[in-house]
Amino acid sequence: MTGERLTRRFYRRGPVTVAKALLGQILVRRLDDGQELTGRIVETEAYLGTQDKASHSYGGRRTQRNESMYLDGGHAYVYFVYGMHWCFNVVTQREGVPSAVLIRALEPLAGLDAMRHHRGRQRLVELCSGPGKLGEALRIDRTVDGVDLTSSGELFVRRARSVASRTVLGPRIGVDYAGGWADKHLRFWIADNPNASRRKKRLHPDWGGAQQKAGNVASNWRDA
DNA sequence: TTGCCGATTACCT
DNA sequence: GGTAATCGGCAAC
């Protein structure tokens, strides 16, 4: 019933590996009243750490806000953006190595009515199809920043029976300020899933709107 | 359907 | 004082 939970060993790998492996897994949020809200992870982004200009830990930056990125793999890194949204990340690699995976979209599975209430919207596809949306739908905020996903009862990732799906990759979203790092194909999603976040065309010679098969990721980026 | 823009605030320079 | 790993509404086409 509860299912197997992803372990420390899973999260301690590199962010690209973890970002791809998280696709298809089940994010579980248990509220104070015991209700379980769950969703299948359908879109992720890898943030490589100190060398990655798009990462909050670029150049070794360490502040009160991003402190959780320095925790051991398997902890939650939750931050506040644009004055109104909470974004949920899974910390990867070892303590002191500030890399993470942003969970960008879910396919809602359980607790749909609660999610609708939290979001103030009815349509399934509008509940968790974006990092800010899923944060609101699952009531993820500063209270779960730094939580250990390998032991917490209120937030963790359940291993799915099967994660067989065609996956694709492309540039990360909203990181245009990161120069060349904005164009690296470090976003991964399950092909044709209606719950993936919707973003329009991106003009860049390496991108051009085409999708690459995730199997080609090794030729672009891989964990050191 | 595409694209622009305001909302709103914690945190950093 | 400026900006941000976003979202949703609205105008124009």
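Each chain gets a letter, A, B and so on, in the order the sequences are listed, and its residues count up from 1.
- Between A:Pro15 and A:Gln93, the closest side-chain pair of non-hydrogen atoms falls below 4.5 Å.
- A:Val125 and A:Leu134 are members of different hydrophobic clusters when ILVMFWY side chains are connected at heavy-atom separations under 4.5 Å.
- The distance between atom OH of A:Tyr79 and atom P of C:dA4, rounded to the nearest whole Å, is 12 Å.
- Residues A:His75 and A:Tyr11 bring no donor and acceptor atom of their side chains to less than 3.5 Å of each other.
- Side-chain contact between A:Pro98 and A:Asn66 is absent, with no heavy-atom pair separated by less than 4.5 Å.
- By the criterion of a centre-to-centre distance under 5.5 Å and near-parallel planes under 30°, the ring of A:Tyr177 forms no stack with the base of C:dA4.
- Rounded to whole angstrom, the span from the OH atom of A:Tyr58 across to the C1' atom of C:dA4 amounts to 17 Å.
- One atom, CD of A:Glu43, and another, C1' of C:dT6, lie 13 Å apart when rounded to the nearest Å.
- Of the residues in residues 60-67 of chain A, those with a non-hydrogen atom less than 4.0 angstrom from any atom of DNA chain B are A:Arg61, A:Thr63, A:Gln64, A:Arg65.
- Comparing B:dG6 with C:dG2, their P atoms sit 16 Å apart, to the nearest whole Å.
- Remark: A:Arg13 qualifies as a cation-pi partner of A:Phe10 under the 6.0 Å distance and 45° angle criteria applied to the six-membered ring.
- Here salt bridge (Lys or Arg N to Asp or Glu O under 4.0 Å) pairs that include residues 55-67 of chain A, with residues two or more places apart or in two chains, are A:Arg62-A:Glu67.
- Using a 4.0 Å cutoff on non-hydrogen atoms, the parts of residues 110-127 of chain A near DNA chain C are A:Arg119, A:Arg121, ordered by number.
- Applying the salt bridge (Lys or Arg N to Asp or Glu O under 4.0 Å) criterion to A:Asp148, with sequence neighbours excluded, gives A:Arg8.
- Dashed line: the shortest gap from a side-chain N or O of A:Arg142 to OP1 or OP2 of B:dA10 is not under 4.0 Å.
- Applying the side-chain hydrogen bond (donor to acceptor under 3.5 Å, both in side chains) test to pairs two or more places apart or on separate chains, those with a residue in residues 37-47 of chain A are A:Arg40-A:Glu107, A:Arg40-A:Ser165, A:Glu43-A:Arg104, A:Glu43-A:Arg187, A:Glu43-A:Ser197, A:Glu45-A:Tyr47.
- Every stem involving DNA chain B, taken as at least 3 paired positions in a row under the Watson-Crick or G-U wobble test at 3.5 Å, is listed here: B:1-7 with C:6-12, B:9-12 with C:1-4.
- Partners of A:Arg159 under the salt bridge (Lys or Arg N to Asp or Glu O under 4.0 Å) rule, at least two apart in sequence or in another chain, are A:Glu4.
- Whole-Å rounding puts the A:Arg172 CZ to C:dA4 P distance at 15 Å.
- Residues meeting the salt bridge (Lys or Arg N to Asp or Glu O under 4.0 Å) test with A:Arg121, sequence neighbours left out: A:Glu126.
- Comparing A:Glu45 and A:Glu136 by the nucleotide of DNA chain C whose heavy atom lies nearest to each, the residue mapping closer to the 5' end is A:Glu45.
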Atom pairs under 3.5 Å: protein N/O with N/O of nucleotides 6-8 of chain B:
unit_1	atom_1	unit_2	atom_2	d
B:dT8	O2	A:Tyr82	O	2.5

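- With no hydrogens or angles considered, a side-chain donor-acceptor pair links A:Thr92 and A:Ser99 at under 3.5 Å.
- In this structure, CG of A:Leu134 is placed 11 Å from P of C:dT6, rounded to the nearest angstrom.
- Partners of A:Asp32 by salt bridge (Lys or Arg N to Asp or Glu O under 4.0 Å), not counting sequence neighbours: none found.
- Legend: residues meeting ring-ring contact (aromatic ring centres under 6.0 Å, His included) with A:Phe80, ordered by chain and number and at least two apart, are A:Trp86.
- Pairs engaging residues 130-139 of chain A under the salt bridge (Lys or Arg N to Asp or Glu O under 4.0 Å) rule: A:Arg119-A:Glu136 [sequence neighbours left out].
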